[in-house]
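All remarks here apply to the structure that follows.
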Amino acid sequence: MVKTKRKSKTTNKRKQKEKKTANKKEATLQKRKIAERINEFVQAIAICITASIAVACGLFFTVKPMFAIAGGGAVAILLLCYKYPRQALWAFLIYLPFSGTVTYTIGRGAAAFQVAKDAFYFPALIALIQSCKNKQLPIFIPKQWIPTFSILLMMALMTFIFVNGGMQFNPLPGDKLIPGDKPILQGLLGLKVLIGYIPLIACTYYLLRTKKDLVFFTRLHLVLAIICCSLGVIQYLLLQSGKCAGTRGMVGEDLFKATLEARCFVGGSLVFSPEVGFTRLPGTFVAPWQWAWFLISNAFLTFASAFCDPSFWWRTLGLFGMALVFANAVISGQRAALIVVPVATVLLLILTGQVVNFKRFIPIGAGLAILLFVATAINPGVFEQRWESFISRWNAAPPQQFLFNQFQQSHDFIVNRPLGRGVGRATNSTRIFGSPQLIETFQPKLLYELGYPGTIAFQVMVLHLAFLTFKAYRSVKDKNLRSYGASFWVFVGFITINPQYYPLDVDPVSVYYWVLAGAILKLPKIDKQVQEEKHLDVDPEELQLRQSHKEKKLIASAPI
């Protein structure tokens with residue numbers, strides 16, 4: 001017995017020594033890796049600064065100094081984003097809600113600043129494609145989606161070649177062209193708007209490697225929502241107090257037109273005419289409609305944090321974010337946000353099964369009710385104005401009749417033109433290369449541009465994506481992950497069938513739609529990791545070591 005005890009003691013000592021030695025080796029390796037990364041980063045910064053200075057000096061003699069500096073900075077950002085694609089994608093998501101404010105605060109409305117976010121996205125995408133090729137990983141995700149996407153791409157390219165190309169080189173009598181129109185360039189930009197952000201599905205799929213990444217993803221968007229909504233409240237208070245004039249004192253139609261001259265604190269053009277009870281605020285975005293759809297998007301994202309986050313404090317912060325989103329939906333003057341945000345919250349509670357956890361919402365609901373009561377006491381007309389605005393708009397143009405009229409208008413435009421009037425020819429962001437046709441809803445806009453074949457192809461493609469993402473999140477076993485998936489999927493499903501406005505053409509929905517689809521498609525993989533960890537019958541210390549080892553393997557094998 002004494003001998004066996006001695007032997008066990010010596011073996012324990014040996015194990016402890018081996019553990020200490022292994023820990024020391026690992027610590028040394030980590031230090032070396034950190035030192036190598038720092039060295040690489042310093043070298044990358046040095047190369048970027050050199051390239052930036054060279055480009056700025058070259059541009060200094062041909063353009064204004066401000067544009068030369070901007071050009072040099074753009075080169076530095078492009079190189080860094082190519083070198084560090086993962087960080088570039090996070091920066092892309094962070095920059096997106098502030099892009100309108102940056103455009104008009106720093107860029108003074110310059111067109112280059114309106115597409116500045118793509119300087120983060122495209123280099124990261126190129127780096128991801130190259131990395132996937134090297135590691136023999138699929139670039140197109142999901143594979144089942146390839147047929148419907150390919151059909152849309154074929155139809156869009158046919159329209160671009162035969163319609164946009166024909167308008168450029170051999171315009172028909174019915175083509176509405178004015179001097180200076182460039183249909184091919186307009187078509188290229190239209191293609192970028194139509195399908196340019198679809199690769200974000202793969203980007204997000206590889207960006208979210210573990211459950212930690214998923215939780216960080218939702219927390220990041222919650223923080224962004226709280227910051228942007230707080231700035232939106234400040235903007236409203238500045239206008240209400242008179243420190244920002246808004247569109248006060250204007251006459252006639254100017255009282256109802258958003259203008260940059262009325263810009264206040266953040267964002268771009270706005271309307272604030274209290275004398276006629278008309279308000280349209282842009283928040284941190286360029287235009288009021290973008291702010292409305294940012295609020296609608298964050299009704300889903302803040303809900304995910306409020307009901308699915310593993311931390312109690314983050315869930316509480318999520319509820320606070322939901323309240324801020326709702327408050328901004330009221331004060332922004334946007335009818336779409338005012339109606340969709342509360343409806344989306346109710347739908348999410350039912351469709352995600354979180355209605356059983358409704359008691360979590362009661363404290364923040366009570367706080368929100370008090371806040372709204374105080375706001376009503378201070379400005380008793382605000383809710384009445386919003387409701388009257390919604391009712392008068394509905395009576396003047398009922399949504400179903402408005403949509404029918406839009407389809408009828410587009411149908412009349414494409415008679416004897418089966419491939420439509422040209423890619424980008426009704427897309428507002430392509431106006432730099434030609435005068436686009438004003439069409440205020442998405443499907444009729446597609447009909448005008450691509451004709452019936454292209455419109456049907458696009459709608460089938462997004463419906464197929466909605467089906468694939470539904471299958472993906474329903475296959476998840478972990479309840480918490482499934483709740484995340486349900487929250488994201490309701491947003492994807494809603495945008496897929498949405499007939500109003502054209503959110504898939506403009507920020508931020510043109511980004512969030514594809515990003516959240518990618519997040520849903522990654523959930524089964526993350527769920528598999530979680531299930532494996534649950535079934536490991538080892539002590540907590542050993543489990544933690546195994547988890548960290550697995551995470552390192554996943555990080556090493558990931559393309560970004």
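The basis for the numbers below is simple: all heavy atoms, side chains too, and nothing from hydrogens, waters or symmetry mates.
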(message) Set out, in order, the CA-CA distance, both residues' side-chain angles and the distance that settles side chain to side chain contact (heavy atoms under 4.5 Å, CB included) for Leu348 and Phe491, then state yes or no.
(response) CA-CA 9 Å; Leu348 283 164; Phe491 174 75; over 6 Å; no

(request) Apply side chain to side chain contact (heavy atoms under 4.5 Å, CB included) to the pair Leu324 and Ser230, showing each step before the final yes or no. (result) CA-CA 7 Å; Leu324 269 178; Ser230 300; 3.8 Å; yes

(message) Please find the pair of heavy atoms, one from Pro508 and one from Gln290, that lie closest to each other, and give the distance.
(response) CD-O, 3.7 Å

(message) Just checking His221 against Tyr512, ring centres under 6.0 Å apart?
(response) yes

(message) For a quick test of reading the model, state the closest non-hydrogen atom pair linking Phe98 to Cys228 and the distance between them.
(response) CE2-SG, 3.7 Å

(request) Determine whether Leu208 and Thr204 make a side-chain contact, defined as any pair of heavy atoms from C-beta on separated by less than 4.5 Å. (result) yes

(request) Could you grab the distance from atom SG of Cys264 to atom CG of Leu239, nearest 0.5 Å is fine? (result) 4.0 Å

(message) Which residue in the set Phe470, Phe467, Phe300 passes ring-ring contact (aromatic ring centres under 6.0 Å, His included) when paired with Trp489?
(response) Phe470

(request) State whether the side chain of Ser131 and the backbone N or O of Pro559 hold a donor-acceptor pair below 3.5 Å, judged by distance alone. (result) yes

(request) Check whether any side-chain heavy atom of Val492 lies under 4.5 Å from a side-chain heavy atom of Phe488, and answer yes or no. (result) no

(message) For the backbone of Ser332 and the side chain of Arg280, can you confirm whether one donor and one acceptor N or O come within less than 3.5 Å of each other?
(response) no

(request) Might you point out which heavy atoms bring Leu222 and Thr302 nearest each other, and give the distance in Å? (result) CD1-CG2, 3.8 Å

(message) Give me the atom names and distance for the closest heavy-atom approach of Pro524 to Val476.
(response) N-CG2, 4.0 Å

(request) Say whether Thr105 and Arg263, considering side chains only, have a donor N or O and an acceptor N or O under 3.5 Å apart. (result) yes

(request) Find the distance between CG (Asp213) and OG1 (Thr210) and round it off to the nearest 0.5 Å. (result) 4.0 Å

(request) State whether the side chain of Asp478 and the backbone N or O of Leu481 hold a donor-acceptor pair below 3.5 Å, judged by distance alone. (result) yes

(message) So for atom NZ, which belongs to Lys525, do other residues, nucleotides or ligands contribute more than 12 heavy atoms lying within a distance under 6.0 Å?
(response) no

(request) Would you mind telling me which of Tyr501, Tyr502, Phe458, Tyr513 makes a ring-ring contact (aromatic ring centres under 6.0 Å, His included) with Phe442? (result) Phe458

(message) Whether Asp527 and Lys211 form a salt bridge (side-chain N of Lys/Arg under 4.0 Å from carboxylate O of Asp/Glu) is what I want to check.
(response) no

(message) Let me confirm one number: the CG-CZ distance from Asp118 to Phe120, rounded to the nearest 0.5 Å.
(response) 10.5 Å

(request) Using a 4.5 Å cut-off on heavy atoms from C-beta on, say whether the side chain of Val215 contacts that of Trp314. (result) no

(message) Does the structure place the NZ or CZ of Lys522 under 6.0 Å from the centre of the six-membered ring of Tyr205, at an angle of no more than 45° from the ring's axis?
(response) yes

(message) Using every non-hydrogen atom in the two residues, find where Leu270 and Pro282 come nearest and quote the distance to one decimal.
(response) CB-CD, 3.4 Å

(message) Run the ring-ring contact (aromatic ring centres under 6.0 Å, His included) test on Phe140 and Phe149 for me, step by step, so that the C-alpha distance in whole Å, both residues' side-chain angles and the decisive distance to 0.1 Å come before the verdict.
(response) CA-CA 10 Å; Phe140 193 93; Phe149 172 76; 5.2 Å; yes

(message) Can you tell me how far apart NZ (Lys192) and OH (Tyr197) are? Round to the nearest 0.5 Å.
(response) 3.0 Å

(request) Spell out, as yes or no, whether a donor-acceptor pair under 3.5 Å connects the side chain of Thr284 to the backbone of Pro97. (result) yes

(message) side chain to side chain contact (heavy atoms under 4.5 Å, CB included) for Ile129 and Cys132? Distances and angles first, verdict last.
(response) CA-CA 5 Å; Ile129 292 168; Cys132 284; 5.8 Å; no

(request) Drop me the distance from Thr101's OG1 to Leu231's CG, to the nearest 0.5 angstrom. (result) 7.0 Å

(request) For Thr352 and Ser483, run side chain to side chain donor-acceptor pair (under 3.5 Å): C-alpha distance rounded to whole Å, both residues' side-chain angles, the deciding distance at 0.1 Å, then the answer. (result) CA-CA 6 Å; Thr352 62; Ser483 294; over 6 Å; no

(request) Taking the side chain as every heavy atom from C-beta outward, state whether Trp145 and Ile198 have any pair of such atoms under 4.5 Å apart. (result) yes

(request) Determine, using ring centers only, whether Tyr104 and Phe285 are less than 6.0 Å apart. (result) no

(request) Compare all side-chain heavy atoms of Gln130 with those of Ile126 and state whether any distance is below 4.5 angstrom. (result) yes

(request) For Arg219 and Ser305, work out which heavy atoms get closest and say how close. (result) N-OG, 4.2 Å

(request) Kindly indicate whether the side chain of Lys477, heavy atoms from C-beta on, has any atom under 4.5 Å from the side chain of Val530. (result) no

(message) Just so I know, are the side chains of Tyr121 and Val511 near enough to count as touching, which here means a heavy-atom distance under 4.5 Å?
(response) no

(request) Carefully, step by step, assess Leu93 and Val515 under the rule side chain to side chain contact (heavy atoms under 4.5 Å, CB included). (result) CA-CA 9 Å; Leu93 292 173; Val515 165; 4.2 Å; yes

(request) Mark yes or no for whether Gln500, through its side chain, and Leu403, through its backbone, hold a donor-acceptor pair below 3.5 Å. (result) no

(request) Taking Asp309 for its side chain and Arg315 for its backbone only, find out whether a donor-acceptor pair lies under 3.5 Å. (result) no

(request) With the side chain counted from C-beta on, respond yes when Val340 and Phe494 share a heavy-atom pair under 4.5 Å apart, and no when they do not. (result) yes

(message) Quick one: does any side-chain atom of Gln443 pair with a main-chain N or O of Gln459 as donor and acceptor, under 3.5 Å?
(response) no

(request) Establish, yes or no, whether the cationic atom of Arg86 lies under 6.0 Å from the six-membered ring centre of Tyr84 and within 45° of the ring axis. (result) no

(message) Within this structure, what is the OH-CG distance for the pair Tyr473 and Leu523, rounded to the nearest 0.5 Å?
(response) 11.0 Å

